[in-house]
Enquirer: 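Just dropping this structure here.
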Amino acid sequence: MITGHMFIGQRALQGDAGSIRATNPATGEKLEPAFGLANESVVAEACALAAAAFDSYRETAPEARARFLETIADNIMALGSELIERAMLETGLPQARLEGERGRTCNQLRMFAQVVRDGHYLSATLDSALPNRVPPRPDLRLRRVAIGPVAVFGASNFPLAFSVAGGDTASALAAGCPVIVKAHSAHPGTSELVGRAVQKAVADCALPEGTFSMLFGGGNLIGQALVGHPAIKAVGFTGSRNGGVALMKTAAARKEPIPVYAEMSSINPVFLLPGAISGDVGAFAQAYVDSLTLGAGQFCTNPGLVLALAGPALDAFLQAAGASLNTRAAATMLSPGIHSAYNEGVAAYASVPGVQCVARGQSGSQACPAQAALFVTDVATYQANHALEAEVFGPAALVVKCKDEAEMLAFAEQLEGQLTATVHALPEDYALAARLVPILERKAGRILFNGFPTGVEVCHAMVHGGPYPSTSDGRSTSVGAQAIERFLRSVCYQNFPGSLLPAAIADGNPLKLVRLQDGKLQAAD
């Protein structure tokens, strides 16, 4: 049963600083119940609980912490159809998509449970004392420790996988950091259900009460208060560039500045090299439009920019892609706000002289329809209108015609940082691809070859991050096993007595870790 409560440790609380209701984006209907909003005293209480829990929670045994993550996954699955049905009402997303996202959410929790058990994230390192060396070397040992309580901001476009128990929360908890989530106002009922599942897991596993809290907040006040609180030591955020930059400024202005890991803005360029669009491009164009319109285009990896050499091959691609897009039914967007911003972005494209509309998808009768759009322009027009660089969050794309290979490579050099960049090429294009890829390595966190970027696998090798402004820190990823590294820091222990050494770097290797001993990897005993 959904009650409208937030969670401050093990306490359920009805906020009294105003209220919000979710909106069904397909019908425009306001959904019950009302969700009370937090005030700054509630933020302070949650932060105090998290600070009190930190030293105990960060030193939980690997098996206990892994089991906690698995218990969260079990509790989410135990919610059954209630979770999926509420998420459908709040987001307009279809059942199959949400069931798949629930699976991804639980799988990444279980993946991080295994990461904790493996212990590689600790980077256990030992350098033996060399008393007879001149100068002598002391006994030095290193492990990585949790950074402290983490504030996580739920995302609008993934109500499960990037929200209350999503990747930021899972990786922070895996690192040993208590988490305070600011739930997204677009899906509060979904957030409450998942929040209760996490809260129950804390109790089930007998962990400190402040290991997890979840707040609702209106506007920017609560988010800024959370990031500004001295107990918070890092931030995970997925959302707009404006929102991410605002949090970065708050974090930097603190007496103790803290890192903000913000995933913000990306247009995910797709480079169509000549061989890739030679011949019959019908199936290829349809595959591209499938990726563009997947989930109403509401993916941070949506392929919103296409680069290709001007000529008959590109004309054939545009004709085929336009024909496919013209037939696409309008899908429901996630919220009225996202729908409004999408329409404004499409209108901004259409208003630029030199930008031509190639095709529009079908209009829809639902409250928040996403009518797909495909535009084309040339490099000179694009470079003269900085508004064309902005992400349009939804199923809209801009194709940019390049005069020759040199102009394509120069365009790539001018790109902002991206989550992904894609190259479509045949063997006859590999010489050009070899010149393009080193540029893209400087521009993107993930480079795809002959594929489309809208699938993000949760695994050890995945990078879901990139240079600014796609993220605030291009050295990090918010998806995959390496996401845990955002919430860790290294500590060196010099000449410690054995009785005070942490287990990860103790003599005898009690945790059975793979460790670096005097510069050589040593397998677990």
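Along the sequence shown, the residues carry numbers beginning at 1. The basis for the numbers below is simple: all heavy atoms, side chains too, and nothing from hydrogens, waters or symmetry mates.
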Enquirer: Is the backbone N or O of Ile267 less than 3.5 Å from a side-chain atom of Gln418, with the two atoms forming a donor-acceptor pair by type?
Expert: yes
Enquirer: Using a 4.5 Å cut-off on heavy atoms from C-beta on, say whether the side chain of Leu440 contacts that of Phe271.
Expert: yes
Enquirer: Evaluate whether atom CZ of Arg475 has more than 12 neighbouring non-hydrogen atoms of other residues, nucleotides or ligands under 6.0 angstrom away.
Expert: no
Enquirer: Would a 4.5 Å heavy-atom cut-off, applied to side chains only, mark Leu221 and Glu40 as touching?
Expert: yes
Enquirer: Which pair of non-hydrogen atoms, one from Met214 and one from Met6, has the smallest distance, and what is that distance?
Expert: O-CB, 3.1 Å
Enquirer: Nearest 0.5 Å, what's the SG-CG distance between Cys492 and Leu142?
Expert: 6.0 Å
Enquirer: Give me the atom names and distance for the closest heavy-atom approach of Val164 to Ala183.
Expert: CG2-CB, 4.4 Å
Enquirer: Check for a donor-acceptor pair, side chain of Glu101 on one end and backbone N or O of Ala161 on the other, with a separation under 3.5 Å.
Expert: yes
Enquirer: Restricting to non-hydrogen atoms, name the atom on Ala165 and the atom on Gln108 that form the minimum distance, rounded to 0.1 Å.
Expert: O-NE2, 4.4 Å
Enquirer: Which is it for Val227 and Phe237 under the side-chain contact (heavy atoms from CB on, under 4.5 Å) test, yes or no, and what are the steps along the way?
Expert: CA-CA 11 Å; Val227 174; Phe237 171 86; over 6 Å; no
Enquirer: Report the C-alpha distance between Tyr57 and Leu173 in whole Å, list the side-chain angles of each, state the deciding distance to 0.1 Å, and finish with yes or no for side-chain contact (heavy atoms from CB on, under 4.5 Å).
Expert: CA-CA 9 Å; Tyr57 177 64; Leu173 291 174; 3.6 Å; yes
Enquirer: Working note: Val514 + Leu521, criterion side-chain contact (heavy atoms from CB on, under 4.5 Å); need CA distance, chi angles, decisive distance, verdict.
Expert: CA-CA 7 Å; Val514 174; Leu521 282 176; 4.2 Å; yes
Enquirer: Roughly how far, to the nearest 0.5 Å, is CZ of Arg141 from CZ of Arg515?
Expert: 7.0 Å
Enquirer: Please identify which of these residues, Glu457, Glu263, Arg104, meets the side-chain contact (heavy atoms from CB on, under 4.5 Å) condition with Val479.
Expert: Arg104
Enquirer: Would you indicate whether the side-chain heavy atoms of Ile505 and Leu513 approach each other to under 4.5 Å?
Expert: no
Enquirer: In plain terms, say whether Asp74 and Arg67 are close enough for a salt bridge, that is, a side-chain N and a carboxylate O under 4.0 Å apart.
Expert: yes
Enquirer: Within this structure, what is the OG-CG distance for the pair Ser266 and Leu305, rounded to the nearest 0.5 Å?
Expert: 10.0 Å
Enquirer: First locate atom CZ of Phe153, then atom CD1 of Ile180, and finally report the distance between them rounded to the nearest 0.5 Å.
Expert: 10.0 Å
Enquirer: Hey, does the side chain of Asn302 reach the backbone of Gly394 with a donor-acceptor pair shorter than 3.5 angstrom?
Expert: yes
Enquirer: Mind listing the closest non-hydrogen atom pair of Thr420 and Ala444 along with its distance?
Expert: C-CB, 3.8 Å
Enquirer: Roughly how far, to the nearest 0.5 Å, is CG of Asp473 from OG of Ser478?
Expert: 11.5 Å
Enquirer: Compute whether any side-chain donor of one residue and acceptor of the other, for Asn242 and Ser240, lie under 3.5 angstrom apart.
Expert: no
Enquirer: For side-chain hydrogen bond (donor to acceptor under 3.5 Å, both in side chains), just list the numbers for Gln517 and Ser128, CA-CA rounded to whole Å, side-chain angles, deciding distance to a tenth of an Å, and then say yes or no.
Expert: CA-CA 8 Å; Gln517 173 78 54; Ser128 302; 3.1 Å; yes
Enquirer: Side chains of Ile72 and Thr169, heavy atoms from C-beta outward: is any pair under 4.5 Å?
Expert: no
Enquirer: Taking Thr211 for the side chain and Pro178 for the main chain, is one N or O donor matched with an acceptor at less than 3.5 Å?
Expert: no
Enquirer: Using the ring of each side chain (for Trp, its six-membered ring), is His184 parallel, tilted or perpendicular to His187, with breaks at 30° and 60°?
Expert: parallel
Enquirer: For residues 216-245, pull every pair meeting salt bridge (charged side-chain N to carboxylate O under 4.0 Å, His left out), keeping only residues two or more places apart or in separate chains.
Expert: Lys233-Glu256, Arg241-Glu416
Enquirer: Locate the shortest heavy-atom distance separating Ala87 from Thr91; write the atom from each residue and the value.
Expert: O-OG1, 2.7 Å
Enquirer: Can you find a pair of side-chain heavy atoms, one from Arg196 and one from Glu192, that are under 4.5 Å apart?
Expert: yes
Enquirer: Of all residues at least two apart in sequence or in a different chain, which pass the side chain to side chain donor-acceptor pair (under 3.5 Å) check with Thr250?
Expert: Gln224
Enquirer: Verify, without hydrogens or angle tests, whether Thr190 (side chain) and Pro159 (backbone) share a donor-acceptor contact under 3.5 angstrom.
Expert: no
Enquirer: Distance-only, no hydrogens or angles: does the Thr301 side chain make a donor-acceptor pair with backbone N or O of Phe299 under 3.5 Å?
Expert: no
Enquirer: Check the orientation of Phe162 and His464. Use parallel for under 30°, tilted for 30 to 60°, and perpendicular for over 60°.
Expert: tilted
Enquirer: Hey, is the main chain of His229 close enough, under 3.5 Å, to the side chain of Arg254 for a donor-acceptor pair?
Expert: yes
Enquirer: If a pair satisfies side chain to side chain donor-acceptor pair (under 3.5 Å) and one of its residues is in residues 442-453, list it, with sequence neighbours excluded.
Expert: Glu413-Arg442
Enquirer: Ser171: what forms a side chain to side chain donor-acceptor pair (under 3.5 Å) with it, not counting sequence neighbours?
Expert: Arg486
Enquirer: If the threshold is 4.0 Å, N to carboxylate O, is there a salt bridge linking Arg143 and Glu59?
Expert: yes
Enquirer: Please report the interatomic distance OG(Ser470) to CG(Asn268), rounded to the nearest 0.5 Å.
Expert: 8.5 Å
Enquirer: Report yes or no: does Gln10 contribute a side-chain atom to a donor-acceptor pair with the main-chain N or O of Gln199 at less than 3.5 Å?
Expert: yes
Enquirer: Could you list all the salt bridge (charged side-chain N to carboxylate O under 4.0 Å, His left out) pairs where at least one residue sits in residues 213-232, not counting sequence neighbours?
Expert: none
Enquirer: Please tabulate, for the side chains in residues 47-54, all donor-acceptor contacts under 3.5 angstrom to protein atoms that are two or more places apart in sequence or on a different chain.
Expert:
none

Enquirer: Do Thr125 and Leu140 have side-chain heavy atoms sitting under 4.5 Å apart?
Expert: no
Enquirer: Flag the pair Ile76 / Leu109 as yes when at least one side-chain heavy-atom distance between them is below 4.5 Å, and no otherwise.
Expert: yes
Enquirer: Kindly indicate whether the side chain of Cys300, heavy atoms from C-beta on, has any atom under 4.5 Å from the side chain of Thr238.
Expert: no
Enquirer: For Asp168 and Val235, run side-chain contact (heavy atoms from CB on, under 4.5 Å): C-alpha distance rounded to whole Å, both residues' side-chain angles, the deciding distance at 0.1 Å, then the answer.
Expert: CA-CA 9 Å; Asp168 287 342; Val235 178; over 6 Å; no
Enquirer: Do NZ/NE/NH1/NH2 and the carboxylate oxygens of Glu82 and Arg86 come within less than 4.0 Å?
Expert: no
Enquirer: How close do Cys459 and Met462 get, heavy atom to heavy atom, and via which atoms?
Expert: SG-N, 3.7 Å
Enquirer: Is a donor on one side and an acceptor on the other found under 3.5 Å between the side chain of Asn495 and the backbone of Pro138?
Expert: no
Enquirer: Has Arg65 got a side-chain atom pairing as donor or acceptor with Ala174's backbone, closer than 3.5 angstrom?
Expert: yes
